[in-house]
J.: 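Here's a structure for you.
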Amino acid sequence: MVPRKVSFRPRDTHASASWEGSVTDETKAGPRIERYQPGLIEAKWQARWNERGLYDIPDQSDKPNYYFVTMFPYPSGDLHVGHWYAITPSDCAARYLRMRGHNVLFPMGFDAFGLPAENAAIQKGIHPSDGTEQNMANMRRQFRMMGTMIDWRREVVTCHPDYYRWNQWMFLKLFEKGLAYRDTAPVNWCPKDRTVLANEQVVNGLCERCDSPVEKRDLTQWFYRITAYADELLRHDGLDWPERVRVMQENWIGRSEGAEMEFAVEGHPGATVRFFTTRPDTIYGATFMVLAPEHPLVPTITAPEQQAEVEAYVARARAASDIDRTAAEREKTGVATGAYALNVFTGERIPIWIADYVLAGYGTGAIMAVPAHDERDFAFAQRFGIAIREVISVDGRTHGDLREAYTGPGSLVNSGPFDGQPSETAKKAIAEDAARHGIGGPKVTYRLRDWLISRQRYWGTPIPIVYCDACGTVPVPEQDLPVELPYDVEFRPGGDSPLTRKDSFVNVACPRCGKAARRETDTMDTFVDSSWYIYRYPNPRHDRAFIDRAAAERWLPVAKYTGGIEHAILHLLYARFMCKAFRDMGELWFDEPFVQLRNQGTIVFKGRKMSKSRGNVQAPDQYVQRYGADSLRLFMMFMGPWTEGSDWDPAGLEGTWRFLNRVWTTALTPVDAGPRDPALDGLVQRTIKKLTDDLAEYRFNTAVAALMELTNELLHAAGPSRTDGIRALVLLLAPMAPHLADELWERIGGTSSVHEQAWPAYDEAAARPKTVTLVVQVDGKVRDRIEIAAGAGEDGARAAAAQSHKVSAALAGASVVRAFHVPDKLLNLVTK
RNA sequence: GCGGAAGUGGUGAAAUGGCAAACACAGCAGAAUCAGAGUCUGCCGCCCCUUAUACGGGCUUGGGGGUUCAAGUCCCCCCUUCCGCACCA
């Protein structure tokens, strides 16, 4: 049984033997009109566009170039409703710009490396390469079914060697510049995916992909030095980006200004504790220090009598997951090391503790603790009975026992020579004083970590490095690229990457000395692949460089970029970093890859984000079959504001389907003779204006509504105004419903394709209504609505209002003391 | 906890400080039809007046206050939801 909500009449819009005979009588007296059959029309126009190369975009034409990119998909095998929601409105916006007179490149490709393909290999025995190729073939078919204006000649596929060889080349360039390096660090390990992850790919302690709790492991891994660009990445000057994304990037980079200093450890000559603080002004209140449990100094400085307790605490901290350790509002724990540091400013010896509220990964993994002016230090000091000394005071006096930490500004007290200084100036003064004493100085710290790019998996770009016992870490020479991923490998559940077991891959002669050496078996994070694909679209087959500069200079940077908000700090930050790094190498000529960014909202199904891994994707195919791609495209745009996202409920699809049927009927019903209709002419002009503005701003929903209103009027109109209105309607509909528009364009006698027509122009004066409804209020309450000629002044409006008996009745006995007139809209008469 | 966005009919939603609910979905009624589907027309926030209709009137954008001739829109306080950050020194 079919549930009622989604019960559809048996209707196959695709070709059937008898379609030519199926006609309906739409008008009482008029001739019979063919039924709107999207299946036939869409197949016809997709084939014709293809034959004519309508979307083969030249690099140069008589029109200005415009580079419009929407994020390319992972080839999961099917374009689901979420993809349609992301892609078809973007396609509409690109088509609109094309009609506005731009030479618009709207390319597509596949982010084709990644774990799902490899997991399928392990579980189902499908080779990632074969599975991915099959998936891409199906998705290309689906893309054509959508009616997109993609220039497929420029398709980019990241898992093909002619793409990833440049990924490897870029790695070598970054390595040369010291921007790619190998280091041992505590890293995030996903036990389910059996690979390390970048910080950006860990969300609340869980793997971004599979939601498994992430473990910390000390591993030697490859990093891209994104932190070298931290300050520049903080700036979004000149970018037309959503504020939200900018804020997310700023938070992620997390710049803080302060000072780094070091205190000597008592009884350990040469040993110092380096720490970062944003409040050097409070240093006279530092009554203890705290090291992260993982801090390398801990074993050295721990006093013998504290050793057992310290070791136990460190072991516990290491075992705890990040989620447990960072749980908010957790009670403070910690252990004294028994060691003391010397606060050079106060000359006091202060105890050194370890506690897990200090993070190994931030700053130096050590802090000076100022309980009087930091909430966390306050809680810790209270719990362990450590001295709390006030050094910042709002009123310049000291106050004895503090009940809570004071974290605001004030003037310094108990701070020796700095007493009386405002805290803001003292920050700088004390940091500089520290520099004079040779124990540190001003310092800026970031939360952003370098980008961990190596993955212990097969289906990715091999990292072009060879390890030689004699020569060490040796980059693969450029001329030996690509380092090809071997096809013939064995996939096993769990364990290492298949590459580590592939002797013919691993064993290699050292490029430097020729002796036996071993290849790096890690592959690159797939976010590396997608961090530069936009440079490849202009000429994806260029084999001399990662970018065909001659072609790319005509397009780059990307004028409009659309995609999901989930990439705010992942893809978008990485892509900006790569752009800047290669700009500094002279390979790119612009500072930012994406001039304008817009995020579509998320389309959810029953409250959950649609994704293949969650198993709740909704297939568009049945809807395309029943209503056609044009109806579905239109519905994607009509559901609500595109940037807000929506719950997937196909019920409303019936509305856009009916609308397109009305357009069809209206456009093909012969027009009776009649006089011009100035009111309809005005509506046509206003609709053109509305569509022009709305499509430029991605306000698809109100644009569709305006076309519906126009169509509802045209339905009952006659004469030349109707003919002109239909022509405008077909042109305005073209970016949204490209197949239907082209069919109607042909049938109403248009030449070539509707997609090669200019966007209709409008005349501001003609768009203004000739008669308007004047709302007359008395004391702010609506009393009457009067039709008057547009352009009447206040006197005219008041004269018209005086004629209204409803207004007179409301004014009975009262005298008008003031009047407010909004021309052509409203008159508010205010009485005593 | 900090930062941001949002809260409007049965539903999706619309509204440069100037007629709240455009445009649709669902629903109801009618036309046409042997009948259904599709199509077309009308109704479709709440309350009151009225036997009922017609005609009227009042209220209504999460709650409370304010600014204004006029507030969904601006300001203040509160509630709720969603998103981001979250022991970041």
Side-chain angles (χ1 to χ4, degrees), chain A residues 4-5 9-11 24-28 35 203-204 242-245 247-252 254-256 258 275-279 282 290 292 325-332 355-359 361-370 373-377 379-380 445-448 565 568-569 601-602 635 638-641 643-647 649-656 658-659 661-662 665 699 701-709 711-712 715-716 773-785 806 817-831:
Chain A
R4 219 171 128 264
K5 270 273 179 190
R9 289 161 305 289
R11 180 203 294 132
T24 65
D25 291 350
E26 291 294 349
T27 52
K28 284 173 196 121
R35 193 151 52 91
V203 179
N204 296 326
E243 176 68 16
R244 192 166 157 220
V245 176
V247 168
M248 281 167 76
Q249 293 200 340
E250 282 159 20
N251 286 343
W252 185 257
R255 184 180 200 271
S256 29
F275 58 91
F276 174 74
T277 178
T278 54
R279 294 295 303 272
T282 63
V290 187
R325 279 184 62 172
T326 57
E329 305 302 317
R330 207 165 136 259
E331 206 176 353
K332 296 276 175 291
D356 64 5
Y357 80 91
V358 173
L359 308 174
Y362 186 78
T364 61
I367 61 162
M368 68 168 197
V370 183
H373 305 291
D374 180 281
E375 284 161 20
R376 296 150 301 176
D377 299 343
F380 194 87
T445 295
Y446 302 90
R447 208 180 75 107
L448 180 72
I565 187 78
I569 54 165
T602 310
F635 182 54
F638 187 58
M639 286 193 292
T643 50
E644 300 295 312
S646 187
D647 248 304
D649 177 6
L653 188 48
E654 193 68 35
T656 52
R658 286 206 277 251
F659 164 61
N661 274 282
R662 271 201 301 279
T665 311
R699 290 189 299 255
N701 55 330
T702 50
V704 175
L707 289 186
M708 288 174 166
E709 283 184 73
T711 305
N712 290 343
L715 202 52
H716 304 292
T773 305
L774 182 77
V775 172
V776 184
Q777 298 180 330
V778 175
D779 293 326
K781 284 187 193 289
V782 178
R783 293 303 173 188
D784 203 1
R785 300 180 174 89
K806 288 182 188 169
V817 292
R818 286 176 77 185
F820 294 85
H821 181 235
V822 182
D824 294 345
K825 279 197 175 154
L826 177 133
L827 179 70
N828 187 11
L829 302 170
V830 181
T831 64

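Note on naming: letters A, B, ... go to the chains in the order of the sequence lines (proteins, then strands), and numbering restarts at 1 for each one. The figures that follow rest on heavy atoms only: side chains count, while hydrogens, waters and symmetry mates do not. The structure displayed is predicted, hence computed values, not measured ones.
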J.: Is V830(A) touching bases, backbone alone, or none of the nucleic acid, heavy atoms closer than 4.0 Å?
T.: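 V830(A): backbone/sugar contact only, no base atoms under 4.0 Å.
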J.: With pairs taken as Watson-Crick or G-U wobble and both distances under 3.5 angstrom, which stems of at least three consecutive pairs involve RNA chain B?
T.: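 The stems are B:1-7 with B:79-85, B:10-12 with B:23-25, B:27-31 with B:39-43, B:45-48 with B:56-59, B:62-66 with B:74-78.
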J.: Taking the six-membered ring for Trp, are F276(A) and Y362(A) parallel (under 30°), tilted (30 to 60°) or perpendicular (over 60°)?
T.: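 Answer is perpendicular, since the angle exceeds 60°.
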J.: Would you mind classifying the nucleic acid contact of T656(A) as base, sugar-phosphate or nothing, using non-hydrogen atoms under 4.0 angstrom?
T.: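 The answer is nothing, as T656(A) stays clear of every strand by at least 4.0 Å.
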J.: R244(A) CZ to C83(B) C1': how many Å, rounded?
T.: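 The answer, rounded to whole Å, is 5 Å.
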J.: Under 3.5 Å, is there an N or O donor on one side and an acceptor on the other linking the side chain of K825(A) and the base of C19(B)?
T.: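 No such pair is found, so the answer is no.
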J.: If you look at every strand shown and take non-hydrogen atoms under 4.0 Å, does R662(A) touch a base, only sugar-phosphate, or nothing?
T.: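 Since only primed, P, OP1 and OP2 atoms lie under 4.0 Å of R662(A), the category is sugar-phosphate.
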J.: Does the C69(B) base have a donor-acceptor partner in the side chain of R818(A) within less than 3.5 Å?
T.: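 Answer no: no donor N or O sits under 3.5 Å from an acceptor.
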J.: Applying a 4.0 Å non-hydrogen cut-off, can you work out what D374(A) is touching in the nucleic acid: base, sugar-phosphate, or nothing?
T.: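 Since no nucleic acid heavy atom lies under 4.0 Å of D374(A), the category is nothing.
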J.: So what does F638(A) hit on the nucleic acid, given a heavy-atom distance under 4.0 Å: a base, only sugar-phosphate, or nothing?
T.: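 Base, at least one base heavy atom under 4.0 Å.
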J.: Give D647(A) one of three labels, base, sugar-phosphate or nothing, depending on what nucleic acid heavy atoms sit under 4.0 Å from its own.
T.: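 No contact.
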J.: Using a heavy-atom cut-off of 4.0 Å across all strands, would you classify R255(A) as base, sugar-phosphate, or nothing?
T.: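 Nothing: the residue R255(A), judged by heavy atoms under 4.0 Å, touches no strand.
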J.: What integer number of Å spans the P atoms of G57(B) and U68(B)?
T.: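 These two P atoms come out 28 Å apart once rounded.
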J.: Base, sugar-phosphate or nothing for Q777(A)? Non-hydrogen atoms, less than 4.0 Å.
T.: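 The residue Q777(A) makes base contact.
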